[in-house]
Asker: 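Dropping a structure here in structure tokens format, bear with me for questions.
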Amino acid sequence: MGVVTPPKTPKQDRSRATRRRLLEAAVACLAAHGWAGSTVSVVAERAGVSRGAAQHHFPTREDLFTAAVEYVAEERSAALRALPVQGRAAVVAALVDLYTGPLFRAALQLWVAASNEEQLRPRVTELEARVGRETHRIAVELLRADESRPGVRETVQGLLDMARGLGLANVLTDDAARRERVVRQWATLMETALG
């Protein structure tokens, strides 16, 4: 009987896996070290790939970090879309969670960098506008909000703005206890406002 060798992983699958590791490592680096401490070399090392492999997938630092934030934003959007139909209080809590995790920390670092880096600013502005529209659309859907009613669109956007503010408050200190009370109150307000 001959030796059976396992089938090789196709090159395309390995390339996708490398890309995904780089994106996840980039978000983790941004969240942990900020823009200044997040270089392509640091990300490549964290992802377990060579700097050359990283630059093959992402020719510039800006390419890598904007793609990383977009990747994780898409993952979070997919997770939000997959939430089972549930009460508005759970939806409010899930939306707030979007702004209090590592993605928000990474995005915040990217925003700060974009405010000072001319070449990065238009890419981050466009990305943020797209992610914001998608998050708003998903929030409307999950909350079963009727935006044809006056004030409903602004109410949903106010919820997202509040969630972003809670995310900012959480950057420097663990704000979980206060956040929990605010989320409960906003859930009540949303129930009243949306009917």
Asker: Taking all atoms of both residues into account, what is the closest heavy-atom pair of R46 and A25, and its distance?
Answerer: CD-O, 3.9 Å
Asker: For W186, run the side-chain contact (heavy atoms from CB on, under 4.5 Å) check against L159, L95, V96 and tell me which one passes.
Answerer: L159
Asker: Among all residues two or more places apart in sequence or in another chain, which pass the side chain to side chain donor-acceptor pair (under 3.5 Å) test with T173?
Answerer: none
Asker: Under the salt bridge (Lys or Arg N to Asp or Glu O under 4.0 Å) test, which residues partner E134, sequence neighbours left out?
Answerer: R81, R137
Asker: Which heavy atom of H33 sits nearest a heavy atom of S38, and at what distance?
Answerer: CB-OG, 4.1 Å
Asker: For S41 versus R51, what's the shortest heavy-atom pair and its separation?
Answerer: OG-NH1, 2.8 Å
Asker: Checking side chain to side chain contact (heavy atoms under 4.5 Å, CB included) for the pair R178/L166: CA distance, chi angles, key distance, verdict?
Answerer: CA-CA 9 Å; R178 186 179 73 86; L166 290 175; 3.9 Å; yes
Asker: Mind checking the CZ-OG1 spacing from R164 to T135? Nearest 0.5 Å is all I need.
Answerer: 8.5 Å
Asker: Are T155 and L189 close enough, and set up right, to give a side chain to side chain contact (heavy atoms under 4.5 Å, CB included), and what steps lead you there?
Answerer: CA-CA 9 Å; T155 300; L189 293 171; over 6 Å; no
Asker: Determine, stepwise, if the pair L168 / L108 fulfils side chain to side chain contact (heavy atoms under 4.5 Å, CB included).
Answerer: CA-CA 9 Å; L168 284 170; L108 183 58; 3.8 Å; yes
Asker: Nearest 0.5 Å, please: how far is CD in E128 from OG1 in T66?
Answerer: 12.5 Å
Asker: V42 and V27: same hydrophobic cluster, using ILVMFWY side-chain contacts below 4.5 Å?
Answerer: no
Asker: Is it the case that the side chain of R21 and the backbone of A47 share a donor-acceptor pair, with hydrogens and angles ignored and the cut-off at 3.5 Å?
Answerer: yes
Asker: Keeping the roles fixed (side chain from S115, backbone from V112), state whether a donor-acceptor pair exists under 3.5 Å.
Answerer: yes
Asker: Any idea which heavy atoms bring N170 and A176 closest together, and the distance?
Answerer: OD1-N, 4.5 Å
Asker: Which heavy atom of A31 sits nearest a heavy atom of R105, and at what distance?
Answerer: CB-CB, 3.9 Å
Asker: Could you grab the distance from atom NE2 of H56 to atom OG1 of T18, nearest 0.5 Å is fine?
Answerer: 9.0 Å
Asker: Does the R144 side chain pair with the main chain of L194, one donor and one acceptor, at a distance under 3.5 Å?
Answerer: no
Asker: Identify the heavy atoms of L30 and Q109 that sit nearest to each other, and give their distance.
Answerer: O-CG, 3.3 Å
Asker: Do I138 and Y71 sit in the same hydrophobic cluster, where Ile, Leu, Val, Met, Phe, Trp and Tyr count as joined when their side-chain heavy atoms come under 4.5 Å apart?
Answerer: yes
Asker: Take a 6.0 Å sphere around CD of E45 and say whether it holds more than 12 heavy atoms from other residues, nucleotides or ligands.
Answerer: no
Asker: Let me confirm one number: the CD-CD distance from E62 to Q119, rounded to the nearest 0.5 Å.
Answerer: 4.0 Å
Asker: Could you give me the CA-CA distance, side-chain angles and deciding distance for V131 and E70, then say whether side chain to side chain contact (heavy atoms under 4.5 Å, CB included) is met?
Answerer: CA-CA 8 Å; V131 168; E70 182 172 22; 5.7 Å; no
Asker: Counting C-beta onward and ignoring hydrogens, is there a side-chain heavy-atom pair between V43 and F65 closer than 4.5 Å?
Answerer: yes
Asker: Which value, rounded to the nearest 0.5 Å, describes the distance between E147 atom CD and E154 atom CD?
Answerer: 8.5 Å
Asker: Is there a side-chain contact between W35 and L110 in this structure, where contact means two heavy atoms from C-beta onward sitting under 4.5 Å apart?
Answerer: yes
Asker: Does T125 have any side chain to side chain donor-acceptor pair (under 3.5 Å) partners at least two apart in sequence or in another chain, and if so, which?
Answerer: none
Asker: Between CZ of R88 and OG1 of T192, what distance do you get to the nearest 0.5 Å?
Answerer: 10.0 Å
Asker: Let me know which of V49, L22, D63 forms a side-chain contact (heavy atoms from CB on, under 4.5 Å) with H57.
Answerer: L22
Asker: Taking CD in E126 as the centre, count heavy atoms belonging to other residues, nucleotides or ligands within less than 6.0 Å. Is the count above 12?
Answerer: yes
Asker: Please check this pair: side chain of R61 against backbone of V40, looking for a donor-acceptor N/O pair closer than 3.5 Å.
Answerer: no
